Amino acid sequence: MPHNAAKPVAAASAADDAPILFFDLKTQAKRLRADIEQRLMRILDHGAYIGGPEVAEVEAKLAAHAGAKHALAVASGTDALVIALMGEDIGPGDAVFIPGFTYNATCNAVILSGATPVFVDVDPHTCNIDLKHLEAQIEMTLRDGKLKPRKVIAVDLYGLPADYAALNKLAAKHGMLILADAAQSLGGAQGGKHVGALTDMSATSFYPSKTVGAYGDGGAMFTDDAARFERWSSIRWHGTDAAKRESIRVGINGRLDSMQCAVVLSKLTIFDDEMKARHRIAKRYREGLGNAVELQHVPLGTESAWGLFTVQVDNREAVQKRLTDAGVPTSIYYFKGLHEHRAFARFAPKGGLPVCERLATRVLSLPMHPYLNDRQLDRVIGAVKAAV
Ligand SMILES: Cc1ncc(COP(=O)(O)O)c(C=O)c1O
């Protein structure tokens with residue numbers, strides 16, 4: 001068994017005066033290199049590139065970490081969403097409610113399933129789905145009578161879990177299911193439970209810059225429901241039933257290969273240490289920036305995974321340019337609400353989604369990765385204060 005001999009975050013962090021990076025995968029790669037090489041060599045030795053022992057091993061570790069009964073490794077976060085929809089036979093005639101301020105993959109998955117996305121506005125402070133507007137959109141869909149409300153995909157934007165206690169209650173009232181799009185929030189928590197165990201089912205992404213990233217695409221799904229997990233397993237493998245050797249449903253090639261599982265296994269050995277660093281960084285940013293910019297509101301009892309550190313500013317383009325000139329890289333997630341994209345405009349609600357539209361002009365993400373040291377953070381804080 002490869003073991004983790006990696007140095008802790010503090011010892012791996014950049015020199016105080018090193019350029020500030022938005023994400024830093026190279027420092028992490030240096031930290032884990034020996035362990036990853038050992039794990040990859042093992043795969044070259046056993047030769048099971050698909051479905052090797054690393055798959056079951058990573059699934060067991062992910063489930064244990066999240067506190068969910070089952071975890072399934074899949075080829076991407078998008079496949080995780082698609083499989084979660086296919087697993088409930090969601091398709092034409094079904095309404096799936098999604099926040100209007102998220103990555104396009106959330107919406108693509110719904111359309112690929114054949115269902116209709118119904119956009120919901122978001123809360124201006126948490127940036128997550130607005131419960132009141134969700135309820136209104138469900139009522140409107142029921143009154144309209146053309147679509148059957150089946151599922152809500154709640155997105156944990158920037159790593160902040162949505163309000164699952166309220167969502168679970170609302171879903172039960174309407175006989176619907178909740179799918180957590182936890183692509184940005186693995187490592188987050190709420191009410192003493194981890195992301196992956198907060199609702200009926202959860203989907204995450206191992207895109208390299210996520211809180212746990214592969215060296216390529218990857219993702220995972222979580223549930224406590226054994227029958228649901230069986231359906232997902234067969235959908236992931238072309239709808240095959242391994243025992244009966246036949247296709248028992250329509251499926252996809254949604255597998256995560258052994259090498260990516262090995263990379264994720266290695267990343268998991270330092271995950272808790274990296275999460276501690278993300279919390280330290282977020283705390284310093286929040287203490288330093290609270291008076292200068294609008295921070296994302298973190299409700300009591302909820303812990304963000306700090307996949308991204310995003311603030312709201314007036315006059316964003318000018319602020320961003322000043323930060324670039326000061327050597328502080330920034331990024332914008334996202335430039336538009338879903339309903340403002342050409343591909344999704346046909347689903348735009350009458351009157352638009354005012355909060356999504358406003359956030360799209362104001363959000364600005366600052367450097368966030370576990371290897372930022374305090375001197376670098378203070379440089380970012382100083383530059384932001386000077387730029388706003
Ligand atoms: C909110 C959200 N959902 C879904 C995805 C899709 O994940 P992937 O790129 O692994 O398919 C992402 C990835 O960036 C995301 O941020």
Side-chain angles (χ1 to χ4, degrees), residues 22-23 25 58 62 71-86 96-113 117 119-120 122-123 126-129 151-162 164 167 178-188 195-196 198-199 201-222 232 235-236 252-257 260-261 263-264 267 296 304-310 331-339 341 343-344 356 359-360 363 365 368-369:
F22 189 78
F23 294 129
L25 294 173
V58 83
L62 287 165
L72 191 78
V74 294
S76 69
T78 308
D79 276 357
L81 295 170
V82 168
I83 293 170
L85 291 162
M86 291 175 76
V96 177
F97 299 82
I98 61 174
F101 200 58
T102 172
Y103 190 49
N104 55 14
T106 316
C107 190
N108 283 329
V110 177
I111 297 170
L112 284 169
S113 78
F119 297 144
V120 180
V122 296
D123 178 273
T126 63
C127 305
N128 282 334
I129 196 160
K151 203 165 195 171
V152 178
I153 307 182
V155 178
D156 302 341
L157 208 68
Y158 310 137
L160 180 74
Y164 287 102
L167 283 161
I178 303 282
L179 163 59
D181 180 343
Q184 301 175 8
S185 64
L186 203 61
V195 163
L198 298 177
T199 191
M201 61 197 94
S202 306
T204 196
S205 165
F206 297 139
Y207 185 82
S209 58
K210 302 296 190 193
T211 54
V212 176
Y215 284 162
D217 281 307
M221 312 170 66
F222 301 87
W232 289 354
I235 294 169
R236 170 182 70 173
I252 61 174
N253 175 357
R255 300 175 298 242
L256 188 62
D257 62 74
Q260 296 304 341
C261 288
V263 172
V264 172
K267 302 273 188 109
Q296 188 180 19
S304 178
W306 301 115
L308 292 163
F309 191 90
T310 304
S331 201
I332 292 168
Y333 302 86
Y334 299 94
F335 283 100
K336 287 176 175 198
L338 289 178
H339 62 299
H341 289 268
F344 311 136
C356 296
L359 285 178
V363 290
S365 300
M368 174 47 94
H369 61 76

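Being a predicted model, the structure only gives us computed values, none of them experimental. Order of appearance sets the numbers: ligands from 1, and atoms from 1 within every ligand. Keep in mind that the numbers below use all heavy atoms, side chains included, and drop hydrogens, waters and symmetry copies.
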Atoms of ligand 1 less than 4.0 Å from [X] heavy atoms?
| X | result |
| --- | --- |
| Val155 | 1 (C) |
| Gly77 | 7 (O), 8 (P), 10 (O), 11 (O) |
| Thr106 | 3 (N) |
| Thr102 | 1 (C) |

Residues Ser76 and Asp217: side-chain donor-acceptor under 3.5 angstrom: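 Short answer, no.
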
Donor on one side chain, acceptor on other, Asp156 and Tyr164, under 3.5 Å: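 There is such a pair between these side chains.
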
Of all heavy-atom pairs between [X] and [Y], which one has the smallest distance, and what is that distance?
| X | Y | value |
| --- | --- | --- |
| Pro117 | Ile98 | CB-CD1, 4.1 Å |
| Ile153 | Thr106 | CG2-CG2, 3.8 Å |
| Asp79 | Ala75 | OD2-CB, 3.4 Å |
| Thr102 | Tyr334 | C-CE1, 3.6 Å |
| Phe309 | Met368 | N-CB, 3.9 Å |

Looking only at protein heavy atoms, identify the closest one to [atom] and say how far it is in Å.
| atom | answer |
| --- | --- |
| atom 3 (N) of ligand 1 | Asp181 OD2, 2.7 Å |
| atom 16 (O) of ligand 1 | Gln184 NE2, 2.9 Å |
| atom 15 (C) of ligand 1 | Ala183 CB, 3.4 Å |
| atom 11 (O) of ligand 1 | Thr78 OG1, 2.5 Å |
| atom 12 (C) of ligand 1 | Tyr103 CD2, 3.5 Å |
| atom 13 (C) of ligand 1 | Lys210 NZ, 3.2 Å |

Sub-3.5 Å N/O-N/O distance, Leu81 and ligand 1: no

Any N or O of Ser205 closer than 3.5 Å to N or O of ligand 1: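 Yes, at least one N or O pair falls under 3.5 Å.
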
Atom pair CG/OG of Leu198 and Ser185 - distance to nearest 0.5 Å: 8.0 Å

